Peer 1: 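Quick one: this structure, given as structure tokens, is what I'll be asking you about.
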Amino acid sequence: MTIQIRPSRRSDIISGFRRSKLGLTGIIILVFLVGISIYTVTSIPLTSFRQWNSPSYWVDYPASAAPAWTNVGLFGPTAAVHTILTPESGHEISDYTHRGIHIVSKAFSTNFEYDSYPSYFTIPYSVRYGEIPPVLEINVTRPDGLEFRIYYSSLPSNTVLENEAGTSKNHSQETSAQLGQQPTEEQSVYSSRVFSTDRDISNNLRQYTTLFNYSPDVTQPQVMIFSDTKENEILKGPYTFKLTYYFFDEKDIVEEARVILGGTVYGLLGTDAFRRDLAIGILWGTPVALFIGLTVAVGTSLIAMIYGLTAGYKGGRVDEVMMRINDFFISLPVFILLILISVRYGLNIFLIVVLLILFGWAGGARLTRSLSLQIKNLQYVEASKMMGESDMKIIFRHIIPQLLPLIFATIAYSVPGAILAEAGLSFLGLSDITIPTWGKILNEAYAASATTLGMWWWIIPPGLMIGLTGLSFALIGYTLENITNPRRAR
Amino acid sequence: MAGFYLVLIRRSINLVVVLFLVLVLTVSLLGETMDKILTDNIRQEVVGSLIDSKIKFQSAADQQAYVNQQIQLRIKNLGLDEPWYAPKRFSNTIFKVMILDLGRSYFTTSDNGSPEVIDIIAERIPRTLLLFGSATIITFVIGLYLGPYLAERHGKTIDKTNVFVSMLSNSLPTFYVGMIMIFVFAFMIPIFPERSLPTSSPSDPLYLVDLLYHMALPLITLVVLGVAVQSYFVRLFVVNILDEDFIKAKRAIGVPKKKILYSHALRNAAPPLLNSIIIGLASIFGGALLVEIVYYWPGMGLLLYDAITVNDAPLIIGIVFVSTLIYVVAVFLTDLAYSFFDPRIKAIS
């Protein structure tokens, strides 16, 4: 190999990166990825990471929805954006007691400006109450000022709850435990959802049909509520859903309430067939990929450096034996072995990292050895040897500093390989099943035949992120190599 | 030439050691699964034959005792009473695989119905070689033309662009690009089939055309991903050679530029080029298996995927051994060619 070593200083490296457009591009992409990772770890709730594979966590999201920004209306009417209204996004709470009745209202407002009706609406809520069940009233205020009372019903009594809703009760007790509020003995938590297909809603809507100039379909509340009274078309503008609870005990409270307007587009990156928000998956994939890539790269490069240095510096029979072992590792079909091991044991992310390091160091070791042979024979190294410097001192003072930039280049170069290997294993369905990785998202897209369904938002972003991450490290490696060894890479 | 023979011996030893150890590892990892599936099969067979034979038993306990006795008998006959790691059984399994006696697949058969692992694999190998052989050759040839062209313009925009593109195509998963290609050329503009499995039978006169048509998309994917990387490597080594004194001398005496680039420089770049191919072989190999899966190309990769899905242990062992064999032999040959071309190795003697 025609590799030559040129002494380099830190300032060389910095100015080298300044001069190289490719190097700068690499750095910019890396900064962007690190930024995403930091944002994800600090701002995205950890539950979305842990619950990535649990369908119940994603039940409020739409299935197979395209990204919301595709909704510009250039190619026909705009689709309804799937909207999850939480008390944070447009709340208005009133809480007062009137003649012994404790009245709690929550309002959810949204500006409906789309050319399609919502596909459905649903109102999940959970309340904690004692012996006397509260009454729930739901009103919708429309842009034309009309107010429809679509739901007015008492919740089931506690004794019924005990027998029937065992599962939902347990679930909500978990959430309330997280909030640090233990339900008292006589109180219990009731979680349910009002769905647009609820019979009560159709029945309540029947009294408003006279307001319309035509006969609206009361069995389709999501259409009727969002329709104009004069003509059978969508009424655009601000809508407010108001939930009012009438409690008969001071201690009863509303724990949670949301309003969901079903739509076919959602969020920055849409959702997959399992209703998961792909933006969340892509975000969490970033720190995971950086962790895998960097750990493997640093691990392999360290082993490669120590191994290659020892072989090259010791020389003779030690070198011979070490290089034969190295030959062995180089000719291993790594990917097939990884497949085999994961078939037998199932992989978690740490095992993948360990195996990738174990099987990945050999190429770098060969390179380090040939370089350290060259440096060893440089005159000043021989001179210091003759002056009686110890082996350790020569290695640390003369050889390693020369090797270091190239080691960094090797590290950078081996990141894409590690990320690709993990993605490949994930694609075969063999990787860690508990966490979201880009490869796994692609695997699921493939398994759900997203390509033939035209779900491009499920396919393009994860692979692009894999490519970008690899590219950034490859460009940095290229530039580093360029600076330290102008002969090899230009 | 003595140096070359030394390399030959060394490499041959390495080849055998790698094959053997991969085999030992494979059998150790899958031995237990194999035994379990074998015993399950025996149980099924015994119960199945019992139903067919219509033997009457006085009680359910009697029947159970008979079944257990039959199972034990067969287990003993097959030597399954010893664990898979018993020296005799272990060496037996390894020896059998080494002479390519790979046993029978549990769930898969070849196109003409044979459950023998070796038949199934023998049917798949030519397809894998056809796809990846042609992809590698096309990529290599284009690289040989593009590389010197870029070397002549190194540092210019077109060269920088190629560096960028090669780094990107090295970082993109092959299966991902395959999915995108299917999305664009089979879904949006449906000019290619979504699945690469040829629809006509091999006896059809137009079979070859059909095969090539189905092969087009995976082939294009592999070539598109490979070309930039290949030309980057060629250009890298050619640029280094162009710096050498003998090239400068050739220029000085007026040898045409084209001839210097494509003949002298390229020939001298051969050894490091081969070396880069050896190092790249592993990643090509892994990516290749995944491309087959995306396109349903009925080669070794798809076979392995299917075998993993149904946990068909004999088939997995067979595929691992045969693909390791192909891979190690390929590395061996490239390595030998490298030693043959490299003048420094001849000089060792």
Side-chain angles (χ1 to χ4, degrees), chain A residues 1-2 21-22 25-26 324 327-328 330-341 343-345 363 366 416-417 419-421 423-424 427-430 438-439 442 445-446 449-454 456 459-460 462-464 466-475 477-478 487-490, chain B residues 10-11 13-15 17-18 21-22 25-26 29-30 32-33 154-155 160 163-164 167-168 170-173 175-177 179-180 182-183 186-188 194 236-237 239-240 243 272 275 278-279 282-283 285-287 289-290 293-294 304-305 308-309 311 316 319-320 323-324 327-328 331-332 335:
Chain A
M1 295 275 269
T2 48
K21 264 186 207 145
L22 291 174
T25 316
R324 293 297 75 77
D327 280 351
F328 167 74
I330 282 187
S331 5
L332 280 181
V334 178
F335 197 67
I336 290 205
L337 288 180
L338 283 176
I339 292 175
L340 204 62
I341 295 171
V343 166
R344 180 69 182 79
Y345 293 106
R366 198 187 248 188
I419 293 173
L420 279 185
F427 186 71
L428 287 171
L430 293 173
W438 296 328
L442 279 176
Y446 167 74
S449 43
T451 41
T452 42
L453 293 171
W456 52 267
I459 308 163
I460 293 175
L464 209 59
I466 297 175
L468 266 185
T469 314
L471 179 69
S472 91
F473 283 100
L475 288 178
Y478 172 80
R487 215 179 121 76
R488 186 168 138 82
R490 261 179 275 220
Chain B
R10 249 191 223 154
R11 294 286 182 250
I13 294 172
N14 186 46
L15 178 109
V17 171
V18 168
L21 286 185
V22 167
L25 188 67
T26 317
L29 284 170
L30 294 178
E32 210 181 314
T33 324
H154 83 83
K160 290 252 166 78
V163 170
F164 187 85
M167 302 267 163
L168 184 64
N170 231 352
S171 311
L172 285 172
F175 60 87
Y176 168 67
V177 178
M179 285 170 87
I180 301 274
I182 293 174
F183 180 72
F187 175 77
M188 285 173 72
E194 176 208 333
L236 182 68
F237 299 122
V239 165
N240 282 342
D243 257 8
N275 201 32
I278 299 173
I279 293 173
S283 66
F285 202 65
L289 295 178
L290 294 170
I293 299 164
V294 174
L304 179 63
Y305 182 70
I308 289 171
T309 320
N311 207 355
I316 298 178
I319 298 166
V320 168
S323 27
T324 311
Y327 172 72
V328 173
V331 172
F332 176 73
D335 233 5

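Every chain is numbered from 1 and lettered A, B, ... according to where its sequence line falls, protein lines coming before strand lines. All figures in this text were calculated on a predicted structure; none of them were measured in a lab.
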Peer 1: Of the backbone (N, CA, C, O) and the side chain (C-beta and beyond), which part of B:V294 lies under 4.5 Å from a heavy atom of chain A, both, or neither?
Peer 2: both
Peer 1: Just so I understand: if I count every heavy-atom pair under 4.5 Å between each of A:A423, A:G454, A:G429 and chain B, which residue has the most?
Peer 2: A:G454
Peer 1: Looking at A:D327 and B:R10, is there a salt bridge between them, counting it only when a charged N and a carboxylate O are closer than 4.0 Å?
Peer 2: no
Peer 1: Could you tell me which non-hydrogen atom of A:T451 sits nearest to which non-hydrogen atom of B:F183, and how far apart they are?
Peer 2: O-CD1, 3.5 Å
Peer 1: So B:Y176 and A:I460, do their side chains get closer than 4.5 Å, heavy atoms only?
Peer 2: yes
Peer 1: For the atom pair CD1 (B:I308) and CD1 (A:I339), what is the distance rounded to the nearest 0.5 Å?
Peer 2: 5.0 Å
Peer 1: Against chain A, label B:L168 side chain, backbone, both or neither, depending on which of its atoms sit under 4.5 Å from a heavy atom there.
Peer 2: both
Peer 1: Report yes if the side chains of B:I180 and A:W456 come closer than 4.5 Å at any heavy-atom pair, otherwise no.
Peer 2: no
Peer 1: Between A:L428 and chain B, with a heavy-atom cut-off of 4.5 Å, which part of the residue counts as in contact: side chain, backbone, both or neither?
Peer 2: both
Peer 1: Please report the closest heavy-atom contact between A:F328 and B:L21, naming both atoms and the distance.
Peer 2: CZ-CD1, 3.5 Å
Peer 1: Might you point out which heavy atoms bring A:T25 and B:F164 nearest each other, and give the distance in Å?
Peer 2: CG2-CE1, 4.3 Å
Peer 1: Between chain A and each of B:L172, B:I13, B:I316, B:V17, count heavy-atom pairs under 4.5 Å; write down the option with the most.
Peer 2: B:L172
Peer 1: Pick one of side chain, backbone, both or neither for A:A421, based on which atoms fall under 4.5 Å of a heavy atom in chain B.
Peer 2: neither
Peer 1: Listed by chain and number, what are the ring pair (Phe, Tyr, Trp, His ring centres under 6.0 Å) partners of B:F175, not counting sequence neighbours?
Peer 2: A:F427
Peer 1: State which residues pass side chain to side chain contact (heavy atoms under 4.5 Å, CB included) with B:L15; sequence neighbours excluded, sorted by chain then number.
Peer 2: B:V328, B:V329, B:F332
Peer 1: Find out whether A:F335 and B:L290 are in side-chain contact, i.e. whether some heavy atom of one side chain is under 4.5 Å from a heavy atom of the other.
Peer 2: yes
Peer 1: Do you know which of A:L464, A:L338, A:T469 has the most heavy-atom pairs with chain B at a distance under 4.5 angstrom?
Peer 2: A:L464
Peer 1: What pair of heavy atoms forms the shortest contact from B:S323 to A:I336, and how long is it?
Peer 2: OG-CD1, 3.2 Å
Peer 1: Going from CE on B:M167 to OG on A:S472, what distance comes out if it is rounded to the nearest 0.5 angstrom?
Peer 2: 11.5 Å
Peer 1: Tell me, side chain or backbone of B:I319 under 4.5 Å from chain A's heavy atoms, or both, or neither?
Peer 2: neither
Peer 1: Using side-chain heavy atoms (C-beta onward) and a distance below 4.5 Å, is B:N14 in contact with A:R324?
Peer 2: no
Peer 1: Check whether any side-chain heavy atom of B:I293 lies under 4.5 Å from a side-chain heavy atom of A:Y446, and answer yes or no.
Peer 2: yes
Peer 1: Tell me which of these, A:G470, A:G463, A:G424, A:P416, has more heavy-atom pairs under 4.5 Å with chain B than the rest.
Peer 2: A:G463
Peer 1: Does the side chain of B:Y327 come within less than 4.5 Å of A:L332's, by heavy atoms?
Peer 2: no
Peer 1: Which residue out of B:I182, B:L25, B:T26, B:T309 racks up the most heavy-atom pairs below 4.5 Å with chain A?
Peer 2: B:T26
Peer 1: Given that the side chain runs from C-beta out, which part of A:I419 has a heavy atom under 4.5 Å from chain B: side chain, backbone, both or neither?
Peer 2: neither
Peer 1: Taking all heavy atoms of B:V22 and all of A:P333, pick out the closest pair and write down the distance.
Peer 2: CG2-CD, 4.2 Å
Peer 1: Compare every heavy atom of A:L420 with every heavy atom of B:S171, then report the nearest pair and how far apart it is.
Peer 2: O-CD2, 3.3 Å
Peer 1: For A:L22, is it the side chain, the backbone, both or neither that has a heavy atom under 4.5 Å from a heavy atom of chain B?
Peer 2: side chain
